[in-house]
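Note on naming: letters A, B, ... go to the chains in the order of the sequence lines (proteins, then strands), and numbering restarts at 1 for each one.
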There are 2 protein chains.
Amino acid sequence: MTAPQKQWILNAFAMHTPGHLNPGAWKSPVDQGYRYKDIKFWVDLAKKLEDAKFHAIFFADVLGGYDVYGGPKNLVPTLKAAAQLPVNDPLYAVSAMAAATENIAFGVTASTTYDKPYLHARRFSTVDHLSGGRVGWNIVTSYLDSAARNLDLETQIPHDERYLIADEFLEVSYKLWNGSWRDDAVVKTNGIFTDPDGVREINHKGKYFNVPGPHISEPSLQRTPLLFQAGTSTAGKKFAAKHAEVVFVGGLDPVLVRKSVDDLRKQVAEYGRDPRSIKIIASFSVIIGATDEEAEQKEKELLKYADLDGALALFGGWTGYDLATYADDEDFRFVKEAAIQSFVTHWSKYVPGSEGKVWNKRTIAERISIGGLGGAAIGGPEKVADELARWAEIADLDGFNLSYTTVPGSFDDIIKYLLPELRKRGLFWDDYAVPGGTARENFYGIKGQSYLPDDHPGSKYLWKAGEEQPDLNSADNISK
Amino acid sequence: MTAPQKQWILNAFAMHTPGHLNPGAWKSPVDQGYRYKDIKFWVDLAKKLEDAKFHAIFFADVLGGYDVYGGPKNLVPTLKAAAQLPVNDPLYAVSAMAAATENIAFGVTASTTYDKPYLHARRFSTVDHLSGGRVGWNIVTSYLDSAARNLDLETQIPHDERYLIADEFLEVSYKLWNGSWRDDAVVKTNGIFTDPDGVREINHKGKYFNVPGPHISEPSLQRTPLLFQAGTSTAGKKFAAKHAEVVFVGGLDPVLVRKSVDDLRKQVAEYGRDPRSIKIIASFSVIIGATDEEAEQKEKELLKYADLDGALALFGGWTGYDLATYADDEDFRFVKEAAIQSFVTHWSKYVPGSEGKVWNKRTIAERISIGGLGGAAIGGPEKVADELARWAEIADLDGFNLSYTTVPGSFDDIIKYLLPELRKRGLFWDDYAVPGGTARENFYGIKGQSYLPDDHPGSKYLWKAGEEQPDLNSADNISK
């Protein structure tokens, strides 16, 4: 099942924070991450990325600080490094970026754990309207105790229950977005703005939510935003297989990632969905220059600015492991804590040039400071393109989520050095598949594919023009 | 205590819906209200209003449909007329409007009843950052059962308890916005992005909310958005007196409104605040032309498009009274239902030319369809300016919230006919008091007044540069 040569999906991976996956990079004279509060920064970035034909800007988000390292509840290294704190809400800059562009999509992270589906559905309908159908939703269930504590919970809702809530949250959302208004409900003729026969309550009564409806936004171009997800747990993957249209994967070895990808596509098929229709994308940090040497020089320069404690704070938040309890010279290849050792032996095995390398706090932090826990490709155009192509083929990927080490510098480099090489190889498009189209049209490359595909479980609720309203409480209810 | 001649605050009153206070106007060939989904519509409107030096665009919002008329739960007339349904979330278009302007402020309605203060605080901090300190928050507690039912409540929380929740919600918000980060916490020097000694938890433990903090957004230019409120009940006025900086009032007789204004300013003083610092603004519908005759002609034209059932649906939602239970020829001046009779005898007394007028469903609906329940001024420049000036003087007002009967037509007319007349009389500024300034600087007309005034209860939490952190749990806690 070798994937045919195909053109990749490329997203720019960003966050409304001074330091996303590059703690300390704010000290670099070229980094402008601190301008995350400035709407002109985002508008300029969106225009630049659209000129280069990026599919989307994809925005991560967290609802609390990383407080595990040297903790509990220790935000000192996180604040010093601006390691994803402060962090603003990513959904509010979209309208400004959309007003200045016509094609690029906006993937925005939002949690199902702390919001109400009725209000959330209107938020995304609003932004889908304002962006001309260019919004995507990265569905997360949140994983930080620091967020839960601020949202009226003593501690987090257990992991698997968060996915049950998310599943019902999505069901309510589909009913509101797809089933509450008929396509042609807004008629604007014969003195009638909206045909009342084209609007209905959804009368959702579930375990976690009771939502009679109707949705109070009229249908937007996509109705349902393009659905992103990144679950890696058993529950997370099951959720992704059912709901997601674009899935993020990460890792250091494409062979291992392939196992996960195959498993995911298999589960997708089990839900009756086309396993090739789901887009699987790996997060990657790219440091690229005109030559391999130039890129290596850039990496060295970046490492000068790395905030090592900030990197370990990110590690603590992501994994729950507090490396502050270890000595500075501890070699984590040999620690007793199996999970940490497993991380590190994984790096030893798969990070290029790591054989025999000592993984202590410093070297772990350096690794994290240039792109987080995911893959990294460092070199000139050919080397980076080779590495991405190797990944795409071995792991059966549909594209990449490219993070920055400095912003907008990393994207300038990618545009200057990587994209021409990819285009030479036929791996990246010259223009949007559907210029002026919706996010879904451009991600699927199919004009007219603005709604969920027919085989997606959310599409069964779709109330089409001229048709009877679908039964929203049918026995094959998707939550069953 | 006659108010001295002062320059007014003028806001444009809008809503993300095809029909705000003008049900049926979408049928007019000049109305563009249906473009509420189009970001270019809002950007163009913001630029136009900024060119004319409007203080702000002020956005109403509701979280459910008006379903009382012919009800219960009857949305038929509401949908047909597009009477504030469909309705999108008003906070998402702000960044686009802000990116295209430099001075105009954005007042946005949001409810304290269904959101979490921790998330809400970040939403407004984000938009205050992105707009360069130009956001205001119209604090509402929501009043529609149709919203409550969709937000996990069988029915609404009782009115006065909603204000208790709102009061604590504000307290949490002040602590997050003003007290969690020191002014100069973000240092960006010596390898430190944020000084951890400049960030603190707020550890709020209250009756309705437990929020340890810290706030995850750094301080925005205003920290606290400019606070709008429109409470008219006893609980609502008490809340306004304590928290609001700009208060909306409405009515048909400036003498009666003056009583309410005097009472409000008195209560403001009882909270230790300067009673003149609170800006009191009346909502007004203006239909204006080159001459009185032209304006009257416009009104006649508008009435041709009025959707009378839609107007009665608005009336039902606002008041709770279902006029559908009465015959078409019922003269409401003589009905038994005291509250309805009171409305109507009020109109008979104060709406110009109403003496002896029959108030039946049609005439009530016509009245509502050209601007809702509030004041209306119809005429040429002198007549309208006279009427507004009479109101400002008698009711001791600081300005007006001007609604539209068609959009952007009403604002075009106001800009063309009304503003020159007001400027001639010295009643409206030639330019923003603080060009490029924050909403609060321009509303108060004081350069440097970006934070809450010192006598505002939320300012006690302000953590200034170089100062010790304020005691957030002091005995004179504002909720006590």
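Heavy-atom minimum distance, B/Pro196 versus A/Leu79: CA-CD1, 4.0 Å. What you find for B/Leu63 and A/Arg122 is that their closest heavy atoms are CD2-NH2, 3.3 Å. Among all heavy-atom pairs drawn from A/Phe193 and B/Ala81, the shortest one is CB-C, 4.4 Å. When all heavy atoms are compared, the tightest approach of A/Thr194 to B/Pro86 is OG1-CD, 4.2 Å. The shortest heavy-atom contact between B/Tyr114 and A/Lys116 is O-CE, 3.5 Å.
In terms of non-hydrogen atom pairs under 4.5 Å with chain A, the most contact-rich of B/Asp61, B/Asp195, B/Asp128 is B/Asp61. Looking only at heavy-atom pairs under 4.5 Å with chain A, the residue among B/Asp115, B/Val94, B/Leu85, B/Leu151 that has the most is B/Leu151. When each of A/Ala82, A/Pro212, A/Ser125, A/Gly310 is checked for heavy-atom pairs under 4.5 Å with chain B, A/Pro212 comes out on top. The residue among B/Gly24, B/Gly191, B/Gly65 with the most heavy atom pairs within less than 4.5 Å of chain A is B/Gly191. For chain A, the option among B/Thr126, B/Leu130, B/Asn150, B/Leu119 with the highest count of heavy-atom pairs below 4.5 Å is B/Asn150.
No more than 12 heavy-atom neighbours from other residues, nucleotides or ligands sit within 6.0 angstrom of NZ on A/Lys80.
Using cut-offs of 30° and 60° on the angle between ring planes, the pair B/Tyr36 and A/His129 is tilted. Taking the six-membered ring where the residue is Trp, B/Tyr92 and A/Tyr92 present parallel rings, their angle staying beneath 30° rather than reaching 60°.
Between atom CD1 of residue A/Ile39 and atom CE of residue B/Met97 there is a gap of 11.5 Å, rounded to the nearest 0.5 Å. The CD1 atom of B/Ile216 sits 11.0 Å away from the CD atom of A/Gln84 when rounded to the nearest 0.5 Å.
Using a 4.5 Å heavy-atom threshold, the side chains of A/Ser95 and B/Trp42 count as separate. A/Leu91 is not listed as a side-chain neighbour of B/Arg123, based on a closest heavy-atom distance of 4.5 Å or more.
Of the atoms belonging to B/Val186, not a single heavy atom falls under 4.5 Å from chain A. Looking at B/Thr78, neither its backbone nor its side chain comes within 4.5 Å of chain A, counting heavy atoms on both sides. The part of B/Leu75 that comes within reach of chain A is its side chain, from C-beta onward, which places non-hydrogen atoms under 4.5 angstrom from that chain. Using a 4.5 Å cut-off between heavy atoms, B/Val199 touches chain A through its side chain atoms alone. Heavy atoms closer than 4.5 Å to chain A are found in the side chain of B/Val127, but not in its backbone. Of the two parts of A/Val187, neither the backbone nor the side chain holds a non-hydrogen atom closer than 4.5 Å to a non-hydrogen atom of chain B. Only the side chain of B/Asp307 comes within contact range of chain A, with at least one heavy atom under 4.5 Å from a heavy atom of that chain.
We find that B/Glu218 and A/Lys37 are joined by a salt bridge, their nearest charged nitrogen and carboxylate oxygen being less than 4.0 Å apart.
Each of A/Thr17, A/Asp89, A/Asn88 was scored for a side chain to side chain donor-acceptor pair (under 3.5 Å) with B/Ser217, with one residue passing: A/Asn88.
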